**Q** 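Dropping a structure here in structure tokens format, bear with me for questions.
Bear in mind that the values here come from a model prediction, so they are computed numbers and not experimental data.
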Amino acid sequence: MISVKRRGAARLAAAVLASGLVAAGTIATAGPAAADDAAPVHGGASATLDGLKTYGQAVLHADGRDQRIGAGLFEMKVDNGGTLQTYCIDIGTPTQQMAKYKEVPWSASSLHNNPDAGKIRWILQNSYPQVNDLASLAQKAGAGSLTEKTAAAGTQVAIWRFSDHVKVDAVDPAAEKLADYLEQNAKTLTEPEASLKLDSPAVSGKSGSKLGPVTVHTNANSVTVSPAAGTPAGVKVVGADGKPVTKAANGTQLFFDVPAGAKDGATSLTAQAATKVSVGRAFTGSVGRVKSQTMILAGSSESTATASATASWKKEGAAPAVTAEKNCSKSGVDVTATNKGDAPFTFQLSGKEHVIAPGKSETITVPVGEDQAYEITVAGAGGFKKTFTGVLDCKTAGTTPGKPSAQPSPASAGGTGTGSGSTGGGAGGDLAETGSSNATPVIAGVAVALVVVGGGAVFFLRKKKAGVTS
């Protein structure tokens, strides 16, 4: 096998930070009012970046220049409880202080077209912190002696060689030995399962029927299911047998049971579980509409995972349900509209009219520039409206051509994170004991970010003035 770090200079690409809106519009329909908040397609763990905590040094070789960078483990604090440890898989993008991260499948991250994604997962499972016996790890790698910091640095370097395909070396000789060992022995593994996801996150239909199914996908043993406060009287969340459901498991099918004669309306449910997030899950992050470097999970305490689904119903007419999902393979966002009513659902998107017959669905891909913030509003008659926002995060940034890349200052890095002590979060998970550090965290991004104003097509899809943004 030819060593990845010998492949030559890094691919040249500009790191871009997004500004502006990419898609805005409305869908005209005779449907009922929908829930105000658009349900996210991907549930799972959400967390806030707490900084680079256990790290050593590495040297990136690109464009005939050498750049010293920090290399190691980041920590994140999970919403509603839990702690995560992650490595970077986007060396050219800086972290953003207190960035919010969400668990996503590989298909919605820079791993979507990376043939080496499975090898990164192998590295994570066969190195620190999953392997806490550093003496044994050092022996396998022929590395002499490893500390937590050098083990983290060597692991990060090996990951970068597959995630970004850059030429990068660890400064510490033992860490470099570990990186070489991991790179040379990595095998391709499959993508890990989600901590929690609901499919589909939006359903619709006629009153007097069960709307769904909403299928639970999870690695947790048990999931708590709760209908939204204010759910209309008589509307229940039930299982396939029609009985009310408050607990679910992987594969459980949920339905919204809407009684006959119910007024046109909408509601939602929330699913929540306590589980360890699977090693190798991707996390994309941002501060507002500014992207933060993509991460991959290395360790998790017991953490809270959450997902939601919405339902809307009508007595007669079109009954639309709309979802949006990043499509990295097509460099855009897939907007899927489904009609479970008894009349056609007509709407416009990007200047074209679409008509969905009863019982049918259609998916339209809205092009979005890489690193570009987007806002896609779907709205129609009767108050139907959903707004989807985010930042397209499908590629690694590479390194800035023609000049040395500069690390962001600590103020723009992923948190102040100078604390000490265990990172286990006290939850009995698989996080390592990382000791203490008084150093200001050095972020693992190396590119100078360029601000692009606009940069994407703007879609005006509005047939009438939209209501309140969700």
Side-chain angles (χ1 to χ4, degrees), residues 31-32 34-35 37-45 103-105 107-108 190-260 262 264-275 277-278 281 304-314 319-325 334 336-342 345 356 358-363 386:
D37 294 326
V41 171
H42 306 301
E103 178 185 351
V104 299
S107 62
T190 58
E191 180 177 1
E193 60 188 344
S195 61
L196 180 60
K197 179 184 177 182
L198 298 179
D199 184 24
S200 168
V203 296
S204 63
K206 298 186 68 174
S207 53
S209 63
K210 293 192 300 182
L211 313 184
V214 175
T215 304
V216 177
H217 300 280
T218 184
N219 67 351
N221 292 326
S222 179
V223 176
T224 300
V225 179
S226 305
T231 294
V235 177
K236 302 175 183 178
V237 176
V238 301
D241 58 3
K243 296 180 180 179
V245 171
T246 57
K247 297 287 185 181
N250 186 48
T252 298
Q253 289 190 325
L254 305 174
F255 298 82
F256 294 85
D257 189 357
V258 181
D264 296 354
T267 191
S268 64
L269 66 80
T270 298
Q272 192 169 86
T275 185
V277 184
S278 298
R281 291 293 289 175
T304 301
T306 305
S308 62
T310 63
S312 60
W313 56 89
K314 284 193 65 181
V322 180
T323 62
E325 180 174 11
D334 283 345
T336 300
T338 301
N339 180 15
K340 291 296 182 71
D342 56 15
F345 175 38
I356 304 176
K360 302 296 183 179
S361 66
E362 182 178 355
T363 298
K386 281 193 176 183

**Q** Just by distance, with hydrogens left out, do Ser207 and Lys314 show a side-chain donor and acceptor under 3.5 Å apart?
**A**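 Absent: no donor and acceptor within the cut-off.
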**Q** Looking only at heavy atoms, which two atoms of Leu211 and Ser312 are closest? And how far apart?
**A**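 Shortest heavy-atom separation between Leu211 and Ser312 comes out as CD1-O, 3.5 Å.
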**Q** Would you say Pro259 and Val235 make side-chain contact, with heavy atoms under 4.5 Å?
**A**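 Contact flag for Pro259/Val235 side chains = yes.
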**Q** Looking at Ala337 and Ile356, what are the two nearest heavy atoms and their distance?
**A**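 So the two residues come closest at O-CD1, 3.2 Å.
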**Q** I need the minimum non-hydrogen distance between Leu196 and Ala273, along with the two atoms involved.
**A**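 Looking at all heavy atoms of both residues, the shortest contact is CD2-N, 4.2 Å.
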**Q** Answer whether the closest heavy-atom distance between the side chains of Val223 and Lys247 falls below 4.5 Å.
**A**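 Not in contact.
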**Q** Can you tell me how far OG of Ser200 sits from CD of Glu325, rounded to the nearest 0.5 angstrom?
**A**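 Taking CD in Glu325 and OG in Ser200, the distance rounds to 10.0 Å.
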**Q** Would you indicate whether the side-chain heavy atoms of Arg281 and Ser195 approach each other to under 4.5 Å?
**A**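 When only atoms from C-beta onward are counted, Arg281 and Ser195 do not touch, as no gap falls below 4.5 Å.
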**Q** Which value, rounded to the nearest 0.5 Å, describes the distance between Thr246 atom OG1 and Leu269 atom CG?
**A**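 The distance works out to 12.5 Å.
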**Q** Decide yes or no for Phe256 and Thr231: does some side-chain heavy atom of the first lie under 4.5 Å from some side-chain heavy atom of the second?
**A**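 The answer is no, as the side chains (C-beta and beyond) never meet within the 4.5 Å cut-off.
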**Q** So which heavy atom on Gly205 is nearest to which on Ala319, and how close?
**A**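 Closest heavy-atom pair between Gly205 and Ala319: O-CB, 3.8 Å.
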**Q** Quick one: are Thr270 and Thr306 in side-chain contact, heavy atoms under 4.5 Å?
**A**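 They are in side-chain contact.
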**Q** Give a yes or no on whether Lys210 atom NZ has more than 12 heavy-atom contacts from other residues, nucleotides or ligands under 6.0 Å away.
**A**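 More than 12 heavy atoms, drawn from other residues, nucleotides or ligands, come within 6.0 Å of this atom.
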**Q** Heavy atoms only: give me the nearest Pro201-Thr323 pair and the separation to one decimal.
**A**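 Heavy atoms of Pro201 and Thr323 come nearest at CG-CG2, 3.8 Å.
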**Q** For residues Trp313 and Ala262, report the shortest heavy-atom separation together with the two atoms involved.
**A**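 The answer is NE1-CB, 4.1 Å.
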**Q** Please tell me whether Thr363 and Asp334 have a donor and an acceptor in their side chains that are separated by less than 3.5 angstrom.
**A**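 Distance-only check fails for Thr363 and Asp334.
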**Q** For the OG1 atom of Thr215 and the NZ atom of Lys197, what is their distance to the nearest 0.5 Å?
**A**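 Separation between the atoms: 10.5 Å.
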**Q** Please check: side-chain N/O of Asp257 versus main-chain N/O of Val238, any donor-acceptor pairing under 3.5 Å?
**A**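 Checking the backbone N and O of Val238 against the side chain of Asp257, no donor-acceptor pair under 3.5 Å is found.
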**Q** Measure the shortest side-chain to side-chain distance between Asn250 and His217 over non-hydrogen atoms and say whether it is less than 4.5 angstrom.
**A**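 SC-SC contact between Asn250 and His217 confirmed.
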**Q** Answer yes or no: is there a side-chain heavy-atom contact under 4.5 Å between Thr267 and Pro232?
**A**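 Thr267 vs Pro232: side chains touch.
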**Q** Quick one: pull up CD in Glu362 and OG1 in Thr338 and give me the separation to the nearest 0.5 Å.
**A**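 Taking CD in Glu362 and OG1 in Thr338, the distance rounds to 10.5 Å.
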**Q** Does some side-chain heavy atom of Val216 sit less than 4.5 Å from a side-chain heavy atom of Leu254?
**A**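 Of all side-chain heavy-atom pairs linking Val216 with Leu254, at least one is under 4.5 Å.
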**Q** Kindly compute the distance separating CD (Gln272) from OG (Ser308), expressed to the nearest 0.5 Å.
**A**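 Taking CD in Gln272 and OG in Ser308, the distance rounds to 11.5 Å.
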**Q** If you draw a 6.0 Å radius around CG in Asp241, do more than 12 non-hydrogen atoms from other residues or ligands fall strictly inside?
**A**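 Result for CG/Asp241: enclosed.
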